Amino acid sequence: MSVIGIAGAGAFGTAMGVVLAQTGREVAIWAHEETFAEEIRQRNENARLPGVKLPENVAITSDIDDIGRSELVLLTTPMQVLAGMLQTHGGRLSARAMVACCKGVDLATGRGPVAIIAENCPATVPAVLTGPSFAADIARGLPTALTLACADPGVGAALQEQLSTPTLRLYRTTDTVGAELGGALKNVMAIAAGIVIGTGLGESARAALITRGFAEMQRFARAYGAEPETLAGLSGFGDLVLTCTSTQSRNFSFGVALGKAQYFDPEVTVEGAATARAVAAIATARGIDMPVTQSVAHVIDGRRSISEAVKILLSRPLKEE
Ligand SMILES: NC(=O)C1=CN([C@@H]2O[C@H](COP(=O)(O)OP(=O)(O)OC[C@H]3O[C@@H](n4cnc5c(N)ncnc54)[C@H](OP(=O)(O)O)[C@@H]3O)[C@@H](O)[C@H]2O)C=CC1
Ligand SMILES: O=C(CO)COP(=O)(O)O
């Protein structure tokens, strides 16, 4: 039986490993540090996904060769380390398809995961798995629906079959650009929504922010040739709603902490921060109007206070919706 390889032993990689193993398949999860791999093996649990025991058919390894010959590899590292990881290890991965689960835009290059996979692993077919799904929900077997995007329709259909489970329902598209941008941009909006709630601006303001944030996401994605339907689907609108309204979201919680001027653990993965900076820079260079994203980038870099950012957003010229 073929092994499903998972590169990145965080909450999401572990949750995917658990749910896929429940269908009887062999899964190998690669951690980049042996000490962490050993800790997971000892406890039969990953501290990044507490309370979830690993089934017997999930192996934890720190040897990239243990996932090297997998037919299929899920890439579950944070976005900002994806390029470095594939530059180092991509040559050892011979998978026919690699499915990026990370959400964001690479700050150094302005690229999404598909372009990074294509550059580092040209023989593989890149795909994207994204949508509204907290790792803890997936691992607990709660119903979850995601978008599987692959430009090759045949490979996309095969991946959809391979990665769907009784609780994880995948919808298919060939629009990888729309899928990866939806997942990247919703995290920026979640930080903004968190700031709105943290500063006490209210639920009405959050609804306005989500709606105008969605308009902004669509504008940016359109400039890259994405299909509007993709943005309106699970990978865009669906994930935007989840992440902007749940305290389970790290991006939202980071925004709340910013709004309340409270400490936030820098070790926590907050993909929207680097993505806000990356997208703001691209938007400026390409003349794409992205006021919420620009404000988030300014606030997290300390170049603007939250009250200044809100004032600027509210004093923009009145226009048609
Ligand atoms: N958690 C969730 O609910 C969801 C997450 N995602 C996405 O999945 C991606 C991963 O998130 P998540 O699993 O939550 O993150 P976590 O913070 O839980 O884990 C990230 C993992 O990546 C590891 N890592 C760090 N640097 C490297 C590297 N250079 N090479 C290999 N591994 C590395 C970390 O190891 P260490 O700490 O030991 O350095 C850690 O185990 C993100 O893009 C996120 O947006 C998508 C949907 C849901
Ligand atoms: O992407 C996610 C849900 O779909 C997880 O969101 P956070 O990274 O904000 O926790």
Side-chain angles (χ1 to χ4, degrees), residues 5-19 29-40 46-50 52 60-64 67 73-90 93 99-106 112-113 116 128-140 142 144-147 168 179-180 182-194 234-257 264-276:
I6 299 182
F12 195 70
T14 306
M16 287 303 297
V18 168
V19 76
I29 303 178
W30 171 77
H32 71 130
E33 285 168 347
E34 173 54 24
T35 45
F36 191 51
E38 179 57 20
E39 183 195 311
I40 300 172
N46 186 336
R48 296 213 176 239
L49 192 63
V52 177
I60 305 291
T61 179
S62 61
D63 183 348
I64 196 76
I67 63 166
V73 169
L74 303 187
L75 301 170
T76 56
T77 65
M79 182 64 205
Q80 302 307 320
V81 302
L82 179 69
M85 192 276 282
L86 287 180
Q87 278 156 18
T88 307
H89 300 293
L93 302 174
V99 183
C101 304
C102 30
K103 297 176 180 176
V105 173
D106 183 52
I116 291 173
V128 178
L129 182 64
T130 185
S133 56
F134 289 123
D137 293 349
I138 290 181
R140 286 169 60 205
L142 300 180
T144 319
L146 296 177
T147 299
L168 185 62
E180 64 180 18
L185 295 168
K186 66 87 191 177
N187 280 334
V188 179
M189 301 310 158
I191 295 175
L234 292 162
S235 56
F237 181 72
D239 213 354
L240 177 70
V241 170
L242 178 73
T243 320
C244 289
T245 59
S246 172
T247 50
Q248 270 194 76
S249 160
R250 297 162 297 188
N251 287 281
F252 178 74
S253 302
F254 172 65
V256 171
F264 192 85
D265 182 354
E267 294 297 312
V268 173
T269 301
V270 178
E271 294 285 40
T275 294

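Just follow the structure's listing: the first ligand is 1, and inside any ligand the first atom is 1. Note that this is a predicted model, so its numbers are computed, not measured.
- If you check which protein heavy atom lies closest to atom 22 (O) of ligand 1, you get Pro78 CD, 3.2 Å.
- Numbered from 1 in the order shown, with element, the atoms of ligand 2 that lie under 4.0 Å from a heavy atom of Ser249 read 7 (P), 9 (O), 10 (O).
- When each of Asn251, Asn187, Asp239 is tested with Lys103 by the rule side chain to side chain donor-acceptor pair (under 3.5 Å), just one qualifies, namely Asp239.
- At the top of the distance list for atom 29 (N) of ligand 1, counting protein heavy atoms only, stands Val81 CB, 3.6 Å.
- The ligand atoms of ligand 2 that sit less than 4.0 angstrom from a heavy atom of Asp239 are 3 (C), 4 (O).
- Contact record, Met189 with Leu240: CB-CD1, 3.5 Å, taken as the closest heavy-atom pair.
- Looking at Leu242 against ligand 2, only its side chain comes within 4.0 Å, counting heavy atoms.
- Neither the backbone nor the side chain of Thr269 has any atom closer than 4.0 Å to an atom of ligand 2 (non-hydrogen atoms only).
- Heavy atoms of Thr76 found under 4.0 angstrom from ligand 1 belong exclusively to the backbone.
- At least one N/O-N/O distance between Ala135 and ligand 1 falls below 3.5 Å.
- The protein atom (non-hydrogen) at minimum distance from atom 24 (N) of ligand 1 is His32 NE2, 3.6 Å.
- The single protein non-hydrogen atom nearest to atom 17 (O) of ligand 1 is Thr269 OG1, 2.5 Å, given as residue, atom name and distance.
- What you find for Phe254 and Val270 is that their closest heavy atoms are CD2-CG1, 3.6 Å.
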So Leu242 and Gln248, side-chain contact (heavy atoms from CB on, under 4.5 Å) or not? Walk me through it.
-> CA-CA 9 Å; Leu242 178 73; Gln248 270 194 76; over 6 Å; no

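- More than 12 heavy atoms of other residues, nucleotides or ligands shown are found within 6.0 angstrom of CZ on Phe134.
- Counting heavy atoms under 4.0 Å from ligand 1, residue Ala9 touches it through the backbone alone.
- In this structure a side-chain-to-backbone donor-acceptor pair under 3.5 Å is missing from Glu271 to Cys102.
- Of all the heavy atoms of Arg250, the ones lying under 4.0 Å from any atom of ligand 1 belong exclusively to the side chain.
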Show the numbers, then the answer: is there a side-chain contact (heavy atoms from CB on, under 4.5 Å) between Phe12 and Ile138?
-> CA-CA 9 Å; Phe12 195 70; Ile138 290 181; 3.6 Å; yes

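- Of the candidates Arg250, Gln248, Lys103, the one placing a heavy atom closest to atom 8 (O) of ligand 2 is Arg250.
- Across every non-hydrogen atom of Leu129 and Met16, the tightest pair is CD2-CE, 3.8 Å.
- Judged purely by atom type and a 3.5 angstrom limit, Ser235 has no side-chain atom pairing as donor or acceptor with the backbone of Gly183.
- The protein non-hydrogen atom at the shortest distance from atom 6 (O) of ligand 2 is Lys186 NZ, 3.7 Å.
- Near Trp30, the atoms of ligand 1 lying under 4.0 angstrom from a non-hydrogen atom of the residue are 31 (C).
- Of all the atoms in ligand 1, the ones that sit under 4.0 Å from a non-hydrogen atom of Glu33 are 38 (O).
- At least one side-chain heavy atom of Asn46 sits less than 4.5 Å from a side-chain heavy atom of Phe36.
- Among all non-hydrogen protein atoms, the one lying nearest atom 9 (C) of ligand 1 is Thr77 O, 3.7 Å.
- Remark: minimum distance from atom 37 (O) of ligand 1 to any protein heavy atom is reached at Arg48 NH2, 2.5 Å.
- Heavy-atom distances between Cys101 and ligand 1 reach below 4.0 Å in at least one pair.
- Atoms of ligand 1 lying under 4.0 Å from any heavy atom of Phe134, numbered from 1 in the order shown and given with element: 3 (O).
- Without hydrogens or angle criteria, Gln87 side chain to Leu82 main chain gives no donor-acceptor distance under 3.5 Å.
- Contact check for Arg48 versus Thr14: no side-chain heavy atoms found under the 4.5 Å cut-off.
- Near Asn251, meaning under 4.0 Å from any of its heavy atoms, are these atoms of ligand 2: 7 (P), 8 (O), 9 (O).
- Residue-level proximity to ligand 1 for Lys103 is carried by backbone and side chain together, each with a heavy atom below 4.0 angstrom.
- Within the 4.5 Å cutoff, the side chain of Asp106 has heavy atoms near those of the Met79 side chain.
- Between Asn187 and ligand 1, no pair of N/O atoms sits closer than 3.5 Å.
- Compare Ser133, Ala83, Gly10, Ala136 by their heavy atoms: the one nearest to atom 21 (C) of ligand 1 is in Gly10.
- Taking atom 45 (O) of ligand 1 as the reference point, the nearest protein heavy-atom neighbour is Glu271 CG, 3.5 Å.
- For Phe12, a nitrogen or oxygen atom sits less than 3.5 Å from a nitrogen or oxygen atom of ligand 1, counting backbone and side chain alike.
- Near Gly131, meaning under 4.0 Å from any of its heavy atoms, are these atoms of ligand 2: 4 (O).
- When atom types are taken as modelled, the side chain of Thr144 and the backbone of Leu142 share a donor-acceptor pair closer than 3.5 angstrom.
- When the options Phe12, Phe252, Phe254, Phe134 are ranked by their closest heavy atom to atom 5 (C) of ligand 2, first place goes to Phe134.
- When atom types are taken as modelled, the side chain of Thr76 and the backbone of Ala7 share a donor-acceptor pair closer than 3.5 angstrom.
- Using a 4.0 Å cutoff on heavy atoms, Gly104 does not count as a contact of ligand 1.
- Side chain of Thr61 to backbone of Trp30: no donor-acceptor contact under 3.5 angstrom is found.
- With a heavy-atom cut-off of 4.0 Å, Pro132 touches ligand 2 through its backbone alone.
- Considering backbone and side-chain N/O atoms, Ala11 comes within less than 3.5 Å of an N/O atom of ligand 1.
- The two atoms that bring Gly104 and Thr275 nearest to each other are CA-OG1, 3.3 Å, heavy atoms only.
- A side-chain donor-acceptor contact under 3.5 Å links Ser133 to the backbone of Gly131.
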